[in-house]
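Structure record follows, encoded as structure tokens.
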Amino acid sequence: MSKVVEVNHPLVLHKLAFIRNKETGSKEFRDLVSEVSTLLAYEVTRNLSMEEVEIETPICKTKCKMLEGKKLAIVPILRAGLGMVDGMLKLVPAAKVGHIGLYRDETTLKPVEYFCKLPEDIAEREIIVVDPMLATGGSAIDALTMLKKRGAKNLRLACLIGAPEGIEAIQKAHPDVDIYIASIDEKLNENGYIVPGLGDAGDRLFGTK
Ligand code: PRP
Ligand code: URA
């Protein structure tokens, strides 16, 4: 069974309160989503493998730990996942970025696939799939399946807000994928929106409604 890490750090919760507020406009919303993504990146990368290296300080030689240099990829689920990419890249600037385009059909709530462009060596990379919202889990489940079909083996999922239903669905469909999330909310409403949530993440990021 996969691990679920709720990153309920005070800075994350403080910024999330502004993100949730319906009075927060697109620019501030985008900036805050990016900032919270940087804080999430700190947790998602916590167990990256390390190696011992010898360096010389101005005082003496010493052994230090450095990242082993396994290759990373960040894969946003379009559109809203795009809002998390820059914030994550601040901590892992050498990561490559792949894109998966999925939208949720408004009546069936089922994801519809429209784009997939990944780094050529995706099968060898440690992958962080990013999407601010985990509602029914359908979009993230499909994105993870698309990645696995292309050889991906080492996957994590980072989200801002999730519903318990979505988390359970991911754990069932992809028990090998750990989930890092800023808040696990109460439930989904009858329209498939997360309660209390933040509304439609894509529309709020890009000002489309
Ligand atoms: C939102 C969100 C997720 C999906 C979550 O995207 O960014 O991708 O819904 O819902 P689910 O867990 O029930 O699949 P949306 O389909 O609204 O597309 P957008 O990002 O282009 O606005
Ligand atoms: N997608 C969103 O953007 N928000 C929700 O609450 C659910 C799905």
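Both counts, for ligands and for their atoms, begin at 1 and track the order of listing.
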V7 versus V5: any side-chain heavy-atom pair under 4.5 Å? yes
Should G192 be listed as contacting ligand 1, given a heavy-atom distance under 4.0 Å as the test? no
For A201 and ligand 1, does the shortest N/O to N/O distance drop below 3.5 Å? no
How far is atom 5 (C) of ligand 1 from its nearest protein heavy atom, and which residue and atom name does that atom have? M133 O, 3.6 Å
Would you verify that at least one protein heavy atom lies under 4.0 Å from atom 11 (P) of ligand 1, or report that none does? yes
Does any part of the side chain of L109, heavy atoms only, come nearer than 4.5 Å to the side chain of N191, both counted from C-beta? no
Note the single closest protein heavy atom to atom 13 (O) of ligand 1, along with its residue, its atom name and the distance in Å. T136 OG1, 2.6 Å
In ligand 1, which numbered atoms sit nearer than 4.0 Å to a non-hydrogen atom of A80? 7 (O), 20 (O)
Are T136 and R104 linked by a side-chain donor-acceptor pair shorter than 3.5 Å? no
Among all protein heavy atoms, pick out the one at the shortest distance from atom 17 (O) of ligand 1; state its residue, atom name and that distance to 0.1 Å. D200 OD2, 4.1 Å
I need the nearest protein heavy-atom contact for atom 16 (O) of ligand 1: residue, atom name and distance, please. R104 N, 2.7 Å
Residue pair T208 / D203, side-chain donor-acceptor N/O under 3.5 Å: yes
So the atoms of ligand 1 within less than 4.0 Å of a heavy atom of G137 turn out to be 11 (P), 12 (O), 13 (O)
Looking at K209 and D200, is any side-chain nitrogen of the basic one under 4.0 Å from a carboxylate oxygen of the acidic one? no
Return a yes/no value for L134: is any of its N or O atoms, backbone included, closer than 3.5 angstrom to an N or O of ligand 1? no
Those residues with a heavy-atom separation under 4.0 Å from ligand 2 are R104, M133, A135, G192, Y193, I194, G199, D200, A201
Sub-3.5 Å N/O-N/O distance, Y103 and ligand 1: no
Near G202 (heavy-atom distance under 4.0 Å), the atoms of ligand 1 are 22 (O)
Taking ring pair (Phe, Tyr, Trp, His ring centres under 6.0 Å) as the definition, give me every residue that meets it alongside H9, ordered by chain and number, with sequence neighbours left out. none
Looking only at protein heavy atoms, identify the closest one to atom 14 (O) of ligand 1 and say how far it is in Å. S139 OG, 2.6 Å
Any donor-acceptor pair under 3.5 Å linking the side chain of S26 with the backbone of R204? yes
Do you see a protein non-hydrogen atom under 4.0 Å from atom 3 (C) of ligand 1? yes
Does some side-chain heavy atom of D178 sit less than 4.5 Å from a side-chain heavy atom of L157? no
Looking at E35 and K15, does any basic side-chain N land under 4.0 Å from a carboxylate oxygen? yes
Sidechain-backbone polar pair: S37 side chain, V33 backbone, donor-acceptor under 3.5 Å: yes
Student check: side-chain heavy atoms of F29 and I19 closer than 4.5 Å: yes
Residues K70 and S49: closest non-hydrogen pair is NZ-OG, 3.4 Å
Looking only at non-hydrogen atoms, which of L160, L82, D131 approaches atom 8 (O) of ligand 1 most closely? D131
Enumerated ligand 1 atoms positioned under 4.0 Å from heavy atoms of G138: 12 (O), 14 (O)
Can you find an N or O of D203 that's nearer than 3.5 Å to an N or O of ligand 1? no
So, do V92 and I74 sit near enough that their side-chain heavy atoms are less than 4.5 Å apart? yes
Among all protein non-hydrogen atoms, which one is nearest to atom 22 (O) of ligand 1, and what is the separation to 0.1 Å? R79 NH2, 2.9 Å
Is it the case that one hydrophobic cluster holds both I122 and V85, taking links as side-chain heavy atoms less than 4.5 Å apart, direct or via other members? no
Do the charged groups of K90 and D86 touch, with an N to O distance under 4.0 Å? no
